[in-house]
Protein chains: 2
Amino acid sequence: MREFYTITELTREFGVSTRTLRFYEDEGLVMPVRRGRTRLFRPADRHLIKQIMRGKRLGFSINEIREIIQMYREPPGEVGQLKLMIKRIEEKREDLRQKRRDLEETLSELDGAEEACVERLAELGVNT
Amino acid sequence: MREFYTITELTREFGVSTRTLRFYEDEGLVMPVRRGRTRLFRPADRHLIKQIMRGKRLGFSINEIREIIQMYREPPGEVGQLKLMIKRIEEKREDLRQKRRDLEETLSELDGAEEACVERLAELGVNT
DNA sequence: CACGGCATTTACGTAAAAGTCAATTACGCC
DNA sequence: GGCGTAATTGACTTTTACGTAAATGCCGTG
């Protein structure tokens, strides 16, 4: 496990621009350390970026991603906070389960659509 | 099955504004018929809106949703078009499968986070 | 018929999430 | 120690997906 990554290494790995990674830093999603003015991303930052990209692919906004990321952190020490966090986690999970239902439905409709295409091809005498 | 729905009925059902439904019409996603200037949505339009909302929840852009919706339509008559459409459908499916992987990972990380919270509560002597 | 209430059209506004550009600044190396 | 490459910062721009406001139309009811 390497100790540091430069910004351009990570832009290449994740297919985003430097502007994007700096934007995430401005938003407080990642906090790379500095050597002089240069950002040095640690493995933990890299992992966070991975989670951000996942969240993006799932259609979460930056704010939602921020919330999710906070859930991955060390649990708070106070009971009320802990219970609140558990509630929030449960809500996010419900959200994700809804997405999963949406996903399965969409997938199966696409299956149907493809089948219709294949049948139509068969009618036209094309061997698939 | 009712023949027509008014715009406000559908806004209530789907929790969106009239502006949104009119926007979808401008974008060519739905094509309600008119009585005078008033829009009348048929069951097919309603079903389309349902699909649009699903796509939105999954984080697809309007353009992506438009593409997906076109896949649900009657398959084209020409062989080249059919093969192209099958390719597009396969791409979308791959996209959805990626989302599904992202989803499962996020869900299991949330599981872990919740567990950590519950444990922490137990340490504090709270009965969950 | 006047009115309340929902619909429509047109036009402008805006927040989120970056993209783009220009002007520095710093680093590595020969 | 000069030079090219890479990184930074700041300002401005863009795109998407609607929101909002103003002016007007239509229609059933009392």
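Atom set for the values below is all heavy atoms of this structure, side chains included, hydrogens, waters and symmetry mates excluded. Here is the naming used below: chain letters follow the sequence lines, and residue numbers restart at 1 for every chain.
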Atom of A:R57, atom of B:K99 and distance for their closest heavy-atom approach: O-NZ, 2.5 Å

Charged N to carboxylate O under 4.0 angstrom, B:E109 versus A:K92? no

Looking for any heavy atom pair under 4.0 Å, which part of the strands does A:R22 touch: base, sugar-phosphate only, or nothing? base

Is it true that A:R97 and A:E90 have a side-chain N and a carboxylate O under 4.0 angstrom from each other? yes

To the nearest Å, give me how far apart CZ (A:R39) and P (C:dT25) are. 16 Å

Side-chain heavy-atom pair A:M53, A:V16 within 4.5 angstrom cut-off: yes

Rounded off to whole Å, could you give me the CZ-to-C1' distance for the B:R35 and D:dG25 pair? 14 Å

Considering only heavy atoms from C-beta outward, does the side chain of B:P32 approach that of B:E25 to under 4.5 Å? yes

Side-chain contact, heavy-atom cut-off 4.5 Å: B:R39 with B:R22? yes

Taken to the nearest whole Å, CD1/A:I65 to P/C:dA16 is 14 Å

Of the listed C:dT8, C:dC6, D:dT9, the closest approach to the B:I7 side chain comes from C:dT8

Short side-chain N/O contact from A:T38 to OP1 or OP2 of D:dA6, under 4.0 Å: no

Need to verify one output field. Residue with the more 5' nearest nucleotide on DNA chain C, A:R37 or B:T8? B:T8

From CD1 of A:I52 across to C1' of C:dA16 the rounded distance in Å is 15 Å

Rounded interatomic separation in angstrom, taking CZ from B:F41 and P from C:dA7: 10 Å

Which letter, B, S or -, goes with each nucleotide of nucleotides 15-20 of chain D from 5' to 3', with contact meaning a protein heavy atom under 4.0 Å? --SBBB

What is the separation between atom CZ on A:R34 and atom C1' on D:dT8, rounded to the nearest whole Å? 8 Å

Nearest-Å distance, CG (A:D26) to P (C:dG19)? 14 Å

For B:L107, all residues meeting side-chain contact (heavy atoms from CB on, under 4.5 Å), sequence neighbours excluded: A:R93, A:L96, A:R100, B:E104

